[in-house]
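Before any comments, here is the structure.
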Amino acid sequence: MYLAIIGGTGLSQIEGIEDVRHQMVSTPFGEPSGPVTIGRLQGCDVVFLPRHGYNHRIPPHQVNYRANIWALREMGVDRILAVAAVGGIHPDMGPGSLVVPDQLIDYTWGRPSTFYEGDLDSVTHVDFTYPYDETLRRAFLEAGQALDLELIDGGTYGATQGPRLETAAEIRRLQRDGCDVVGMTGMPEAVLAREAGIDYASLNVVANWAAGVRDGEVISLAEIDRTLNRSMGKVRKVLKHVLNDENRMLWRRTG
Ligand code: HPA
């Protein structure tokens, strides 16, 4: 059992990881977003990888999602907790909210989004009815409860191409489709994890109201930064709590 955290915008580092080492992992799909950070957090072995690189230089459409997931699997990771900034569409999911989505719709295009291509013995499909792992979703939600932080249980994540933000009409379309939040990195990350046999769940941090949700307003990038900075403290607490629980379970299993 080996757990990885993939950090998104606003979470390029995790303080408090002990016995840290960094390792570059090369993959048949090229380089991951950076060397992985390996260490212990809350007594739990953990691997950390910032999706956009340690300097936040890789835009959503150019993240090498395949290399990232492949590298984690190479290291023996079998569970991923992802963190991702999103825009809020649902009226209950305003800036500062934390959402643990249970569904997604993929609007991205042109991203290498499968390991199953090239010289295959046979065509391979994976089941993706429920894209997020329920046990990991529960781990996030229970951490929220224990910490008295509100985490919204469920919602549909719309994955857009970026790097530009959406138009108001695009968000209206996503809303009609049933999306509650919108982000640029949830896919193909989630499906590649599924293909690799890695359990995956995502903690979405609402950074702004999605385009046009607040009539006549445009999106302020400075406001996004401020909201994310304010919210990341909560995200770090949630992650630490999940790992703490994880650690206790491990002791129970081995003790
Ligand atoms: N749209 C897409 N991705 C995002 C947004 C948004 O409004 N905010 C943060 N990531």
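Scope of the values below: all heavy atoms of this structure, side chains included, with no hydrogens, waters or symmetry mates. Both counts, for ligands and for their atoms, begin at 1 and track the order of listing.
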Compile the donor-acceptor pairs under 3.5 Å between side chains in residues 25-35 and protein atoms, sequence neighbours left out, one pair per line.
unit_1	atom_1	unit_2	atom_2	d
T27	OG1	F29	N	2.9
T27	OG1	G30	N	3.2
T27	OG1	G30	O	2.8
S33	OG	R51	O	2.6
S33	OG	N68	OD1	3.4
S33	OG	N68	ND2	3.0

Determine whether [X] and [Y] fall in the same hydrophobic cluster, where Ile, Leu, Val, Met, Phe, Trp and Tyr are linked whenever their side-chain heavy atoms lie under 4.5 Å apart.
| X | Y | value |
| --- | --- | --- |
| W209 | L165 | no |
| I152 | Y157 | yes |
| V235 | I224 | yes |

Atom-level proximity to ligand 1, residues with heavy atom under 4.0 Å:
A85, V86, G87, L165, E166, V182, G183, M184, N208

Does the pair R173/E170 count as a salt bridge with the N-to-O cut at 4.0 Å?
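Answer for the salt bridge query: no.
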
In sequence, state the C-alpha distance, the side-chain angles, and the governing distance for H241 and Q42, and then conclude on side chain to side chain contact (heavy atoms under 4.5 Å, CB included).
CA-CA 8 Å; H241 200 278; Q42 305 295 112; over 6 Å; no

